[in-house]
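Worksheet for the structure shown next.
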Amino acid sequence: MDKKITVVGAGNVGATTAQRLAEKELCDVVLVDIVEGVPQGKALDLTEAAPVEKHDARLTGTNGYDETVGSDIVIITAGIPRKPGMSRDDLIGTNAKIVKNVTEQIAARSPEAILILVSNPLDAMCHVAYEASKFPKNRVLGMAGVLDSARFRAFISMELDVSVENTHAFVLGGHGDTMVPLPRYSTVAGIPITELMSPERIEALVDRTRNGGAEIVSLLKTGSAYYAPASAAVEMAESILKDKKKILPCAALLTGEYGYQDLFIGVPVKLGASGIEEIIEIKLTDDEQAALKKSAAAVEELKGVLAKLG
Ligand SMILES: NC(=O)c1ccc[n+]([C@@H]2O[C@H](COP(=O)([O-])OP(=O)(O)OC[C@H]3O[C@@H](n4cnc5c(N)ncnc54)[C@H](O)[C@@H]3O)[C@@H](O)[C@H]2O)c1
């Protein structure tokens, strides 16, 4: 392959991301983890599946960073996931250290890479990686909105018994309990769901979306979701690698857009070869603005925690 993606963290999200990237034959994949043998073992296992899956992507597993040199994209999934009863924000102390260290290693070897953050708490980890990499803001982004909207789409399709392919959904804000699903921009075959469902049913789906991560955590008990998160990260990577210029909700650094400064928050962006090529500003109703403000305040609070952690 002529493109290379490094996935840091060979756990549930990282390994599934590597699998999807290879099976879509998007790029060669380097899988990095601190646990000896795990990235090597998973890369070898995926390589042995290649003849059956019919792809020629090369997969390499490593505990170091030399193999990552010259990556086009780096997807950072390293860190701990939450367990039942934990919020994403409870992970901040541990994951901030991990993400800072990982980003420094990556930035030194792939100074032109585009970073896609996955580790939680997502918006705060984007701040950590942005500062540690010193990359321009178009090359640091976070995966959350694509996952949150995929969940919303899945629930809409289940509710109305229609193909998921007919659904579109729109979610703004931080990745957490304050995310802001936008029903009036969520459609089935172009028809806003506000014309297809009662306000009560929409509210129920919105609520399930907001708690979508926690629902999986409570079922799995030993970790958090990874199939849908990996799919979401790969959709973002594909739009960048193929310069598709898809409009996707991603955590992006706002510098005045939507009235916020120096804050990573989920907004619709155009994703192409140079990363974030445009932040799309849409008109929000008073209620939506209030919900976004709450979401921004939650991210701002985590920025304060990061400052204390140093
Ligand atoms: N943004 C989202 O929507 C979203 C969705 C799902 C999971 N997540 C987050 O992604 C992260 C990973 O989740 P998971 O389910 O894959 O967890 P996991 O425990 O299965 O995998 C994490 C991996 O990171 C590795 N790791 C830890 N420190 C490292 C370091 N310094 N360098 C390299 N690797 C290191 C661990 O050894 C482990 O293999 C968690 O923080 C989780 O909360 C985010």
Side-chain angles (χ1 to χ4, degrees), residues 6-20 30-43 61-65 67-68 74-84 86-106 115-126 128-129 132 141-152 171 173-177 179 209-217 219-237 248-252 264-266 299 302:
T6 289
V7 181
V8 188
N12 284 335
V13 179
T16 312
T17 299
Q19 179 185 357
R20 297 217 199 290
V30 179
L31 199 49
V32 182
D33 202 285
I34 39 163
V35 182
E36 238 171 80
V38 166
Q40 293 88 344
K42 292 193 180 181
T62 174
N63 301 117
Y65 283 84
E67 296 83 348
T68 70
V74 178
I75 302 176
I76 301 180
T77 78
I80 51 165
R82 55 186 172 148
K83 300 219 166 63
M86 282 173 100
S87 84
R88 294 181 179 90
D89 299 354
D90 294 334
L91 311 171
I92 193 164
T94 309
N95 286 357
K97 278 192 213 111
I98 293 173
V99 169
K100 180 170 186 284
N101 176 268
V102 164
T103 307
E104 286 167 352
Q105 305 274 1
I106 289 296
L115 305 181
I116 301 178
L117 276 294
V118 175
S119 312
N120 272 320
L122 192 267
D123 307 277
M125 293 307 106
C126 291
V128 171
L141 59 153
M143 186 289 289
V146 178
L147 168 64
D148 295 331
S149 4
R151 285 183 172 144
F152 198 22
V171 175
H175 184 46
D177 308 336
M179 72 177 78
T209 302
R210 216 174 259 135
N211 298 307
E215 184 177 3
I216 306 269
V217 169
L219 289 166
L220 295 182
K221 295 182 186 67
T222 53
S224 56
Y226 52 101
Y227 293 116
S231 297
V234 171
E235 182 176 29
M236 290 165 65
L248 295 171
C250 302
F264 272 93
I265 197 153
V299 181
L302 287 183

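Counting starts at 1 for both ligands and their atoms, in listed order. Everything numeric in this text was worked out from a predicted model, so none of it was measured. Residue numbers count from 1 along this sequence.
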What protein heavy atom lies closest to [atom]? Include the residue and the distance to one decimal.
atom                    : value
atom 11 (C) of ligand 1 : Thr77 O, 3.4 Å
atom 25 (C) of ligand 1 : Asp33 OD2, 3.2 Å
atom 31 (N) of ligand 1 : Ile98 CG2, 3.5 Å
atom 14 (P) of ligand 1 : Val13 CG2, 3.7 Å
atom 21 (O) of ligand 1 : Gly11 CA, 3.2 Å
atom 19 (O) of ligand 1 : Pro81 CD, 3.4 Å
atom 29 (C) of ligand 1 : Ile34 CG1, 3.5 Å
atom 1 (N) of ligand 1  : Met143 O, 2.8 Å

Any N or O of [X] that comes nearer than 3.5 Å to an N or O of ligand 1?
X      : answer
Tyr226 : no
Asn101 : no
Val35  : no
Asn12  : yes
Arg82  : no
Ile80  : yes
Val118 : yes

Atom indices of ligand 1 within 4.0 angstrom of [X] heavy atoms, with elements:
X      : answer
Leu91  : 43 (O)
Asn95  : 41 (O)
Asn120 : 4 (C), 8 (N), 9 (C), 41 (O), 42 (C), 43 (O), 44 (C)

Next item on the list: Check Ala228 against Leu147 and note the closest heavy-atom contact, atom names and distance.
Entry: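 In this case the closest contact between Ala228 and Leu147 is CB-CD1, 3.5 Å.
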Value rounded to 0.5 Å, distance of [atom1] in [X] from [atom2] in [Y]:
X      : Y      : atom1 : atom2 : result
Thr209 : Arg151 : OG1   : CZ    : 9.0 Å
Ile265 : Cys126 : CD1   : SG    : 11.0 Å
Asp89  : Arg82  : CG    : CZ    : 9.0 Å
Leu122 : Leu141 : CG    : CG    : 9.5 Å
Ile116 : Cys250 : CD1   : SG    : 8.0 Å
Met143 : Ile75  : CE    : CD1   : 9.5 Å

Next item on the list: Answer side chain, backbone, both or neither: which part of Pro229 comes under 4.0 Å from ligand 1, heavy atoms only.
Entry: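 For Pro229, only side-chain atoms sit under 4.0 Å from ligand 1.
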Next item on the list: Specify side chain, backbone, both or neither for Arg88, according to which of its non-hydrogen atoms lie closer than 4.0 Å to ligand 1.
Entry: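 For Arg88, no heavy atom sits under 4.0 Å from ligand 1.
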Next item on the list: Decide whether the shortest distance between a heavy atom of Ala225 and an atom of ligand 1 is less than 4.0 Å.
Entry: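 For ligand 1, residue contact (heavy atoms, under 4.0 Å) with Ala225 is present.
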Would you find a donor on one side and an acceptor on the other, under 3.5 Å apart, between the side chain of [X] and the backbone of [Y]?
X     : Y      : value
Thr77 : Val8   : yes
Asn95 : Ile80  : yes
Asn63 : Val35  : yes
Thr16 : Tyr227 : no

Margin query: Does any part of the side chain of Ser224, heavy atoms only, come nearer than 4.5 Å to the side chain of Val217, both counted from C-beta?
Written below: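 Result yes, sub-4.5 Å side-chain heavy-atom pair found.
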Next item on the list: Could you tell me whether the side chain of Met236 reaches within less than 4.5 Å of the side chain of Leu248, counting heavy atoms only?
Entry: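 In short, these two side chains touch, coming nearer than 4.5 Å.
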Checklist line | Heavy-atom nearest neighbour of atom 22 (C) of ligand 1 within options Ala233, Pro39, Cys126, Gly79 | finding: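 Result: the heavy atom closest to atom 22 (C) of ligand 1 is in Gly79.
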